[in-house]
Number of protein chains: 2
Amino acid sequence: MTDGPRERLLRSSIALVRAHGVEGTGLTELLEHSGTARRSIYQHFPGGKDELIAASTRAAGSWMKRVLQDVGGQGDVAAAVTLVITEVARNLEAEDFALGCPIAAAAFADSLPVRAAAAEAFHSWADELSAALVAEGREVADAESLARFIVAAVEGALMVARSARSTQPLYDAARQVGVLLGAGG
Amino acid sequence: MTDGPRERLLRSSIALVRAHGVEGTGLTELLEHSGTARRSIYQHFPGGKDELIAASTRAAGSWMKRVLQDVGGQGDVAAAVTLVITEVARNLEAEDFALGCPIAAAAFADSLPVRAAAAEAFHSWADELSAALVAEGREVADAESLARFIVAAVEGALMVARSARSTQPLYDAARQVGVLLGAGG
DNA sequence: TCTACTGTAGACCAATCGATCTACCCGCGC
DNA sequence: GCGCGGGTAGATCGATTGGTCTACAGTAGA
């Protein structure tokens with residue numbers, strides 16, 4: 001509990017949105033989960049729930065971007081993508097398919113700023129992946145299109161996998177993305 | 001207004017879930033949108049909101065399955081997939097990125113039965129697509145994996161496209177799926 | 001010491017949530 | 001005529017929603 005209320009709010013917000021979605025996450029539940037006073041929400045996020053969710057979406061997005069940098073920093077992009085997908089599959093199963101991607105959940109929020117924060121996260125991931133593909137010798141335009149597609153496809157596979165309570169869609173994605181990366185790289 | 005309250009409830013439910021998600025759709029809003037008495041909900045769907053949403057998810061899923069049968073019934077699978085994606089992109093833009101896929105929204109619901117209904121819809125679409133791929137001469141296992149992936153990838157692209165208020169992710173998907181369908185077919 | 005700020009605790013607000021209820025209207029079959 | 005069931009209209013329920021409020025503890029700086 002060394003973290004301040006702001007960090008606890010962000011972390012709890014991500015966890016609860018992963019489980020219940022944006023509209024399904026209530027402030028009362030968030031308060032008891034984070035052990036935070038109600039007032040602290042509006043002290044750190046004057047815009048209320050929307051601003052808190054948007055901030056936690058950005059936090060989760062940049063955390064994942066850092067993961068992508070670490071995993072794909074050196075060498076084989078195809079191997080890095082496969083690694084990330086299998087790790088996602090492992091986590092999904094370990095959590096009994098109860099938790100999804102917080103960015104995807106934010107992408108379905110009612111609030112436009114929250115959806116925009118999700119879009120920004122997707123975009124930053126694709127940028128990261130695209131740069132790695134260019135470093136492997138791909139044409140820039142090809143790399144950008146392929147990178148955007150891989151991000152969207154993996155997110156879609158995760159969504160289908162969670163609803164079906166099966167990791168197979170993720171392994172399908174790993175396989176087909178592997179074909180795409182093998183074909184032109 | 002020739003339709004009975006059950007049909008109106010299903011149709012309004014689909015429309016509102018596309019816009020606000022499952023948890024974001026309130027029964028009061030649903031009632032005034034459908035012009036239906038509150039009692040009619042529990043007459044046709046004794047399980048309440050959850051049962052109504054699950055039923056509307058199944059209805060939307062089988063409607064889309066029928067569309068896939070019509071579009072892909074004869075001939076070129078790649079052309080059919082491209083056609084569906086471009087139509088989705090056109091609709092998304094025409095609706096100013098306000099409406100998403102009702103099945104995808106259901107896939108993020110809190111309720112397990114609702115998520116299962118979404119998974120069933122995804123599965124039925126993939127079955128349809130897989131059969132068309134087999135008819136083109138693909139191996140069954142390849143066709144099934146590829147079909148599941150295409151469904152997930154297009155759904156992911158639609159999700160990213162709506163959040164980014166851009167049709168580009170959908171056109172990226174059309175392009176890359178075209179590569180996959182051209183590679184092995 | 002006094003002040004100012006952060007944080008906690010919790011009462012409180014109007015509004016809305018999903019759900020249940022009664023009352024009444026209407027059309028169909030007996 | 002009579003009863004029955006589907007449909008509408010709307011009051012009402014307890015619970016919960018996001019948000020605002022006051023009161024108070026602790027701590028750092030003037």
Side-chain angles (χ1 to χ4, degrees), chain A residues 1-57 59 102 105-106 108-115 117, chain B residues 1-57 59 102 105-106 108-115 117:
Chain A
M1 198 70 79
T2 162
D3 284 352
R6 184 188 155 90
E7 285 69 30
R8 298 204 308 274
L9 282 172
L10 288 176
R11 192 167 25 224
S12 290
S13 190
I14 293 170
L16 294 179
V17 163
R18 289 186 66 197
H20 310 301
V22 173
E23 271 72 32
T25 296
L27 292 193
T28 303
E29 185 188 10
L30 179 71
L31 292 177
E32 65 188 33
H33 185 279
S34 62
T36 302
R38 208 174 190 80
R39 203 178 199 287
S40 297
I41 294 183
Y42 300 94
Q43 199 139 34
H44 294 282
F45 308 97
K49 185 185 178 185
D50 271 18
E51 187 179 337
L52 167 59
I53 299 287
S56 71
T57 300
F108 283 91
D110 246 335
S111 153
L112 267 175
V114 171
R115 292 214 296 265
Chain B
M1 197 70 78
T2 163
D3 285 351
R6 185 187 156 89
E7 285 70 29
R8 297 205 307 275
L9 283 172
L10 288 176
R11 194 171 21 228
S12 290
S13 189
I14 294 170
L16 294 179
V17 164
R18 290 186 66 197
H20 310 302
V22 173
E23 272 71 32
T25 295
L27 292 192
T28 304
E29 185 188 10
L30 179 72
L31 291 177
E32 64 188 32
H33 185 279
S34 62
T36 302
R38 207 172 190 83
R39 203 178 200 290
S40 298
I41 293 182
Y42 301 94
Q43 199 138 36
H44 294 282
F45 308 97
K49 186 186 179 184
D50 271 17
E51 187 177 336
L52 167 59
I53 299 288
S56 71
T57 300
F108 283 90
D110 246 335
S111 154
L112 266 174
V114 170
R115 291 215 296 265

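Excluded from the calculations below are hydrogen atoms, water molecules and symmetry mates; all remaining heavy atoms, backbone and side chain alike, are included. Remember, predicted model here, so these are calculated numbers, not experimental data. Chain identifiers are assigned alphabetically (A, B, ...) following the order of the sequence lines, protein sequences preceding nucleic acid strands; residue numbering begins at 1 within each chain.
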Round to a whole Å and report the spacing from CZ of A/F45 to C1' of D/dG18.
16 Å

Quick one: A/D3 CG to C/dT6 C1', roughly how many Å, whole number?
16 Å

Contact list for DNA chain D against residues 10-17 of chain A - heavy-atom distance below 4.0 Å:
none

Residue set satisfying side-chain hydrogen bond (donor to acceptor under 3.5 Å, both in side chains) with A/S56, at least two apart, ordered chain then number -> A/S13

Would you please name every residue forming a side-chain hydrogen bond (donor to acceptor under 3.5 Å, both in side chains) with B/H44, sequence neighbours left out?
none

Is it true that B/R11 and B/D3 make a salt bridge, defined as a side-chain N closer than 4.0 Å to a carboxylate O?
yes

Using a strict heavy-atom distance below 4.0 Å, which residues from residues 19-32 of chain B are in contact with DNA chain C?
B/T25, B/G26, B/L27, B/T28

Expressed in angstrom and rounded to an integer, what is the separation of A/D50 atom CG from D/dT17 atom C1'?
14 Å

Which residues share a side-chain hydrogen bond (donor to acceptor under 3.5 Å, both in side chains) with B/E29, sequence neighbours left out:
B/H20

Return the set of residues passing salt bridge (Lys or Arg N to Asp or Glu O under 4.0 Å) with A/R6 (not counting sequence neighbours), or none when no residue passes.
none

Salt bridge (Lys or Arg N to Asp or Glu O under 4.0 Å) partners of B/R38, counting only residues at least two apart
none

Between A/I41 (CD1) and D/dG18 (P), how many Å, whole number?
9 Å

Can you list everything that forms a salt bridge (Lys or Arg N to Asp or Glu O under 4.0 Å) with B/R39? Sequence neighbours excluded, please.
none

Pairs where residues 16-26 of chain A contributes a residue and the test salt bridge (Lys or Arg N to Asp or Glu O under 4.0 Å) is met, not counting sequence neighbours
A/R18-A/E95

Apply side-chain hydrogen bond (donor to acceptor under 3.5 Å, both in side chains) to B/S40 and list each qualifying residue two or more places apart in sequence or on a separate chain.
none

In whole angstroms, how far is the C1' atom of C/dC17 from the CG atom of B/L52?
15 Å

How long is the line joining CG of A/D110 and P of D/dG18, in whole Å?
13 Å

Would you mind reporting whether B/I14 and B/T57 have side-chain heavy atoms less than 4.5 Å apart?
no

Extract from the structure each pairing of a protein N or O with an N or O of nucleotides 6-11 of chain D at less than 3.5 Å, listing the distance.
residue	atom	partner	partner atom	Å
D/dG7	OP2	B/H44	NE2	2.7
D/dT8	OP1	B/R8	NH2	2.7
D/dT8	OP2	B/S40	OG	3.0

Test of understanding: with side chain to side chain contact (heavy atoms under 4.5 Å, CB included), list the residues that count as partners of B/A55, not counting sequence neighbours.
B/L10, B/F45, B/R58

